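This one's a predicted model, so the numbers in the text were calculated from it and none came from an experiment.
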Amino acid sequence: MLHNGLYIDVSEERGRGVFTRQPLVQGEVIEVSPVLVLSKEEMREVEKTRLHDYIFEWGEDKDHCCVAWGYLSMYNHAEPPNCTYEMDYEEETIAIRTLRAIGAGEEIFISYLPEEGNKPPIWFEVK
């Protein structure tokens, strides 16, 4: 499921990102994306490639990773984000949910860092 108002465009100083043509309300699910779960061995190989920046850790122990389809790998990072993602390990999906109202034309951001506990440093330069 992909909200029909979403589109990909140039994100200032970030490459490409996901934007909305329509206002979004707080708590709205705007995407549910299927994922391809990779084994521990496959994860080690992918981490050596450019795909490393586009995969998600997966599983209760974060000992696997996944490739997300849809727009999911195109959401840029921001602190604080205006959306969050929710993983469903049983259904093998990730949902994007708004944390606040988002105006038409705004870029949609998620946080690449854990929501709880000590946040490790990000592995890229924030612009």
Side-chain angles (χ1 to χ4, degrees):
M1 182 288 268
L2 182 66
H3 188 285
N4 64 2
L6 300 184
Y7 64 99
I8 294 177
D9 203 354
V10 175
S11 175
E12 189 173 319
E13 298 186 16
R14 297 174 190 249
R16 294 181 290 176
V18 181
F19 295 79
T20 180
R21 288 184 180 89
Q22 304 167 354
L24 304 170
V25 298
Q26 181 177 353
E28 185 174 358
V29 173
I30 59 172
E31 180 171 2
V32 178
S33 173
V35 301
L36 173 65
V37 179
L38 303 178
S39 69
K40 293 178 189 181
E41 294 77 24
E42 291 168 322
M43 182 170 94
R44 283 192 284 273
E45 292 302 312
V46 169
E47 287 175 339
K48 298 174 191 175
T49 72
R50 290 180 61 198
L51 290 176
H52 171 265
D53 291 345
Y54 299 95
I55 59 174
F56 289 80
E57 291 179 331
W58 190 257
E60 296 293 338
D61 296 326
K62 307 291 185 225
D63 58 351
H64 288 71
C65 73
C66 71
V67 176
W69 306 117
Y71 284 1
L72 234 130
S73 293
M74 299 302 296
Y75 293 96
N76 283 313
H77 167 81
E79 290 292 332
N82 55 18
C83 286
T84 189
Y85 59 90
E86 303 162 355
M87 297 178 168
D88 184 329
Y89 300 127
E90 188 173 310
E91 294 295 320
E92 296 187 345
T93 62
I94 301 176
I96 300 291
R97 182 182 303 275
T98 59
L99 292 171
R100 63 166 176 79
I102 301 173
E106 251 188 277
E107 184 169 2
I108 298 170
F109 294 103
I110 60 174
S111 175
Y112 296 175
L113 301 175
E115 290 184 18
E116 299 174 5
N118 295 329
K119 294 191 177 200
I122 54 175
W123 61 96
F124 57 90
E125 181 182 341
V126 176
K127 299 179 181 182

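Between atom CZ of residue Phe19 and atom CG of residue Leu6 there is a gap of 11.5 Å, rounded to the nearest 0.5 Å. To the nearest 0.5 angstrom, Ile110 atom CD1 is 11.5 Å from Met74 atom CE. Considering OG1 of Thr93 and CE of Met1, their distance stands at 10.5 Å, rounded to 0.5 Å. Remark: Asn4 CG to Ile30 CD1 distance equals 11.5 Å, nearest 0.5 Å. Once rounded to the nearest 0.5 Å, the distance linking CZ of Arg97 with CD of Gln26 reads 10.5 Å. Of the inter-residue distances, the one linking Ile8 atom CD1 with Tyr75 atom OH reads 8.5 Å to the nearest 0.5 angstrom.
Under the 4.5 Å side-chain criterion, counting only non-hydrogen atoms from C-beta, Leu72 is in contact with Ile96. Annotation: side chain of Pro81 is not in contact with side chain of Tyr112 (no heavy-atom distance under 4.5 Å). Two residues are said to be in side-chain contact when any heavy atoms from C-beta on lie closer than 4.5 Å; Ile102 and Cys83 meet this criterion. In this structure, the side chains of Ile108 and Leu24 come closer than 4.5 Å at one or more pairs of heavy atoms.
Hydrophobic clustering of Ile, Leu, Val, Met, Phe, Trp and Tyr side chains at less than 4.5 Å, counting indirect connections, keeps Leu2 apart from Tyr7.
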Would you tabulate the side-chain donor-acceptor contacts of residues 58-71 under 3.5 Å, counting partners in other chains and residues two or more places apart, or write 'none'?
residue: Lys62; atom: NZ; partner: Tyr89; partner atom: OH; Å: 3.1

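Side chain of Ser33 to main chain of Ile94: no donor-acceptor pair is present (N/O by atom type, distance under 3.5 Å, no hydrogens or angles). Between the Asn82 side chain and the Glu107 main chain, a donor and an acceptor come within less than 3.5 Å of each other.
Separation of the Phe56 and Tyr85 ring centroids falls under the 6.0 Å cut-off.
Taking the salt bridge (Lys or Arg N to Asp or Glu O under 4.0 Å) definition, one finds that Arg100 meets it with Glu106, sequence neighbours left out.
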Checklist entry - Could you go step by step and tell me if Glu47 and Arg44 meet the salt bridge (charged side-chain N to carboxylate O under 4.0 Å, His left out) rule? => result CA-CA 5 Å; Glu47 287 175 339; Arg44 283 192 284 273; over 6 Å; no

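Of all the heavy atoms in Gln22 and Thr20, the pair that sits closest is O-OG1, 2.6 Å.
Residue pairs meeting the salt bridge (charged side-chain N to carboxylate O under 4.0 Å, His left out) criterion with at least one member in residues 15-35: none, sequence neighbours excluded.
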